[in-house]
Amino acid sequence: MEERLLPIGIQDFEDLRNRGFIYVDKTAYIYKLAREGKPYFLSRPRRFGKSLLLSTMEAYFLGKKDLFKGLALENLEKDWIEYPVIKISFGLNSYETHEKLKARLNSIITELEEYYKIEGKYEDPAERFANLIKSVSQKANKQIVILIDEYDKPILDALYTEYEEKNRQELRSFYSPLKDYDKYIKFLFITGITKVSHVNIFSGLNQLNDISLSKDYSSICGISETELSQYFTPEIEKLAKVQEMTIPETKEKLSYMYDGYHFSHNVEGVYNPFCLFKCFKEDDFGSYWFESGTPSFLVKTLQNQPMELSTLINGRLANENQFKNYDPDSKNMLPVIYQSGYLTIKDFEKETRLYTLDFPNHEIEQGFLEVLLKKFISVPYDDIGLEINNLRIALRNKNIDTALSIIKSAIADLPTIVKKEMCENFYEAVTHLMFRMTGYNVVSELQSVAGRSDVIVTTSDSVFIFELKMDKGQDFDKLADAALEQIDKNGYSERFAVSGKVLIKTAVVFSSEGKGIIGWKVE
């Protein structure tokens, strides 16, 4: 059988259809959107098909009926009216400075003015945009369609720099005609990674319908489990053969690696399409999302709020407002982490309306933790894998001294980005992080009847219970003994007593001056 064409990196719908690439039909969503409303916003992580979605919308509104042969829209749409389309993308350039953004805005408008043969009357990008909207609509004697891709890239590129606010102000001004010239607009769709609050960017555009957490559109981007079986059975069978696995085993491994994204509660999970296609192309379960680049704004975010580590790597309870909108004036970095795709919705409690956020799959978890290790421990990058493997072997052999010696070397000094008063949380988070990279089950702050244990690591035949203490001038032996007594007194080990596994209780004492591990005592 001839190998089918996988749309890896293909963002143009017309090119995809004309060249015969596999297309997972999302056109019913587009028909529904066009019939039910006008101004929409969608947040999705990178490499999730947002650009292809907008390109498909562009082809639809341009009336390119032939491209939709065999797709849902072919039967749904009866009229096929052609509308002028203004499509804007910020994906190709970088915007570390305000000057670069302003130059790009003017370049975008110039290209559109030339395409639609509109005379430019103004110099300011916002005024030029307003004139373009009005002129194109009046010239065609009909409303127009506006599609904006990666609207937030100029903000993310300048995150935590002096230009972030300037870029926000420039975009706020540029987008203002979207409200003032609403009568000329038939359909408006805006995509990005993060959703910057309306007050800061879409000034006055209060009617913008955010479908990012909508159940109806949870699978508008990405590949659902149903779509995986419907469209990619030949690829799954080929992968299974190469990997010498059964079909069920292959599906289970695909889910473990690339599935698990939920953009609403109680909905079918979706796969990252880029990673899925790369896996099928290479016939290997690689870490393709991080290989395509680690966004600089992730590292900037973690540096800005390093104490978020302890909550990010343990799962996070949050209400919708805590992760829905990114507010540049707030120190809450959760929206950036969630909307970037490093966390996803794993559970929802209806009574309290609290969401549980956690890593979507193994690929993201391992990649994210590696990014953290690179920034927050002193081990050279090339040696991280070796040190984690040595830590894994030490735990497997129940060699606590070796395991903690490895961690001691990795966090010998407090990073300059972490203040001394934050070091207790930092040490707990990084200790958890290194244990978790081993692949063993790791839990921090596990609730017992009398309290919460600091870190618990479980292997196939052992349970390690670590109680972490800060040295504040106390005698080491007294502090370590008190920590071991706390483990027993609070019953941290009781839940594991019937497991048949070896219980190893350890007190670890850290320096309150940021000098890493002082020592440990094992019972």
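Here the structure is a predicted model, which means the values were calculated and not measured.
- Relative ring orientation between His362 and Tyr256 is described as parallel, the plane-to-plane angle staying below 30° on a 0-90° scale split at 30° and 60°.
- The ring of Phe263 has its center closer than 6.0 angstrom to the ring center of Phe48.
- Ring pair Phe466/Phe435: centre-to-centre distance below 6.0 Å.
- With a 4.5 Å cut-off on side-chain heavy atoms, Phe280 and Leu254 count as touching.
- Arg436 has a carboxylate O that lies under 4.0 Å from a charged side-chain N of Glu365, or vice versa, which qualifies the two as a salt bridge.
- Using the six-membered ring where Trp is involved, Tyr40 and Phe189 have ring planes that are tilted, between 30° and 60° apart.
- At least one side-chain heavy atom of Lys251 sits under 4.5 Å from a side-chain heavy atom of Ile236.
- No side-chain heavy atom of Leu53 sits less than 4.5 Å from a side-chain heavy atom of Tyr29.
- Between Leu357 and Leu334, the closest side-chain pair of non-hydrogen atoms falls below 4.5 Å.
- Classification of the Phe174-Phe90 ring pair by plane angle, with boundaries at 30° and 60°, yields perpendicular.
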**OP:** Kindly indicate, with the supporting measurements, whether the criterion side chain to side chain contact (heavy atoms under 4.5 Å, CB included) is fulfilled by Asp210 and Lys324.
**Re:** CA-CA 10 Å; Asp210 181 6; Lys324 185 176 182 180; 3.5 Å; yes
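- When each of Tyr258, Tyr342, Phe277 is checked for a ring pair (Phe, Tyr, Trp, His ring centres under 6.0 Å) with Trp289, only Tyr342 meets the rule.
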